[in-house]
Asker: 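Mind having a look at this structure? Questions to follow.
All values derive from a computational prediction rather than experimental measurement.
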Amino acid sequence: MKIWVDADACPGVIKEILYRAADRTKVLVTLVANQSLDIPASHHIKFLQVSQGFDVADNEIVKRMDSGDLVVTSDIPLAADVIEKNGIALSPRGELYTANNIKARLNMRDFMETLRASGVNTGGPPALNQGDRKAFANHLDQILTRYSKQT
């Protein structure tokens, strides 16, 4: 298993959790972004810079990931692509995307996009809070524990 991070929009506190998990479990974490990132020196943490452009990082993640890999993203269409390739998709807020819930998430995303396009101010997501960080860390730990039992 490898962990791929849609890093352009991933909060710093979530990256820190991933860095610690990479070193603890020896699972490779690759951050993919279209801008330069500072990452800690580690054999288990890598950075892949992609060119600027719409969905370039997302497309690169989907191209490189394998079945069973974990992708950390808040991008619903990317999560759907990950699930389609039999990967695991986890949001930085700790929401595990699954085949059972991804279609509803896509529909809600499209609905909100339609509202915004018609001029409705839908506001943004609330700030990441302690509960979100805990939910993310818990789901990450569960996924990594399942993986370690398989190897």
Asker: Out of curiosity, Glu113 CD to Ser118 OG, how far, rounded to the nearest 0.5 Å?
Answerer: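 Answer rounded to 0.5 Å: 11.5 Å.
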Asker: Got a sec, which residues hit salt bridge (charged side-chain N to carboxylate O under 4.0 Å, His left out) with Asp8, two or more places apart in sequence or on another chain?
Answerer: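 With neighbours one apart ignored, the set is empty.
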Asker: Could you measure the distance from the CG atom of Asn138 to the CD atom of Gln142? Nearest 0.5 Å is fine.
Answerer: 6.5 Å
Asker: Below 3.5 Å, can you tabulate the donor-acceptor pairs from side chains in residues 85-93 to any protein atom, sequence neighbours excluded?
Answerer:
{"residue": "Lys85", "atom": "NZ", "partner": "Val62", "partner atom": "O", "Å": "2.6"}
{"residue": "Lys85", "atom": "NZ", "partner": "Met65", "partner atom": "O", "Å": "3.1"}
{"residue": "Ser91", "atom": "OG", "partner": "Arg93", "partner atom": "N", "Å": "3.1"}
{"residue": "Ser91", "atom": "OG", "partner": "Gly94", "partner atom": "N", "Å": "3.3"}
{"residue": "Ser91", "atom": "OG", "partner": "Glu95", "partner atom": "N", "Å": "3.0"}
{"residue": "Arg93", "atom": "NH1", "partner": "Pro126", "partner atom": "O", "Å": "3.4"}
{"residue": "Arg93", "atom": "NH1", "partner": "Asp132", "partner atom": "OD2", "Å": "2.8"}
{"residue": "Arg93", "atom": "NH2", "partner": "Pro126", "partner atom": "O", "Å": "2.2"}

Asker: Side chain to side chain contact (heavy atoms under 4.5 Å, CB included) for Asn59 and Lys63? Distances and angles first, verdict last.
Answerer: CA-CA 6 Å; Asn59 294 338; Lys63 181 174 99 177; over 6 Å; no
Asker: Can you tell me how far the CG atom of Leu128 sits from the CZ atom of Phe136, to the nearest 0.5 Å?
Answerer: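 Between Leu128 CG and Phe136 CZ, I get 10.0 Å after rounding to 0.5 Å.
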Asker: Is it true that atom CD of Glu84 has more than 12 heavy atoms of other residues, nucleotides or ligands lying nearer than 6.0 Å?
Answerer: no
Asker: Atom CG in Asp69, atom CD1 in Ile61: separation rounded to 0.5 Å?
Answerer: 11.0 Å
Asker: Looking at every non-hydrogen atom in both residues, tell me the closest pair between Lys46 and His43 and how far apart they are.
Answerer: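 Taking every non-hydrogen atom into account, NZ-O, 4.0 Å.
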Asker: If two hydrophobic side chains count as joined below 4.5 Å and joins carry through other members, does Ile3 share a cluster with Leu48?
Answerer: no
Asker: Are any side-chain N or O atoms of Asp55 and backbone N or O atoms of Asp58, one a donor and one an acceptor, separated by less than 3.5 Å?
Answerer: no
Asker: Does some side-chain heavy atom of Thr145 sit less than 4.5 Å from a side-chain heavy atom of Lys149?
Answerer: yes
Asker: Atom OG in Ser42, atom CZ in Arg20: separation rounded to 0.5 Å?
Answerer: 13.0 Å
Asker: Checking Asp6 against Val72 for the side chain to side chain contact (heavy atoms under 4.5 Å, CB included) test, could you report, in this order, the C-alpha distance in whole Å, the side-chain angles of both residues, the deciding distance, and whether it holds?
Answerer: CA-CA 6 Å; Asp6 184 7; Val72 177; over 6 Å; no
Asker: Please check if Val50 and Phe47 belong to a single hydrophobic cluster, counting links between Ile, Leu, Val, Met, Phe, Trp and Tyr side chain heavy atoms closer than 4.5 Å.
Answerer: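 No; tracing contacts between hydrophobic side chains, which count when under 4.5 Å, never links both residues.
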Asker: Rounded to the nearest 0.5 Å, what's the gap from CD1 on Ile83 to CG on Leu96? Could you check?
Answerer: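 So the CD1 of Ile83 and the CG of Leu96 are separated by 8.0 Å.
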Asker: Specify the closest pair of heavy atoms between Ser51 and Val56, including all atoms of both residues, with the distance to one decimal.
Answerer: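 So the minimum-distance heavy-atom pair works out to O-CG1, 3.4 Å.
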Asker: Out of the candidates Val82, Val71, Asp66, only one should pair with Trp4 under the side chain to side chain contact (heavy atoms under 4.5 Å, CB included) rule; please name it.
Answerer: Val71
Asker: Report, one line per pair, each donor and acceptor closer than 3.5 Å where one atom sits in a side chain of residues 25-39; sequence neighbours left out.
Answerer:
{"residue": "Thr25", "atom": "OG1", "partner": "Ala21", "partner atom": "O", "Å": "2.7"}
{"residue": "Thr25", "atom": "OG1", "partner": "Val27", "partner atom": "N", "Å": "3.4"}
{"residue": "Lys26", "atom": "NZ", "partner": "Asp23", "partner atom": "O", "Å": "3.0"}

Asker: Let me check something: do Tyr147 and Leu70 share a hydrophobic cluster, defined by ILVMFWY side-chain heavy atoms less than 4.5 Å apart, either directly or through other members?
Answerer: yes
Asker: Do you know which two heavy atoms are closest between Ala22 and Ile45, and how far apart they sit?
Answerer: CB-CG1, 3.9 Å
Asker: Can Asp141 and Arg24 be counted as an ion pair, charged N to O under 4.0 angstrom?
Answerer: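 Yes.
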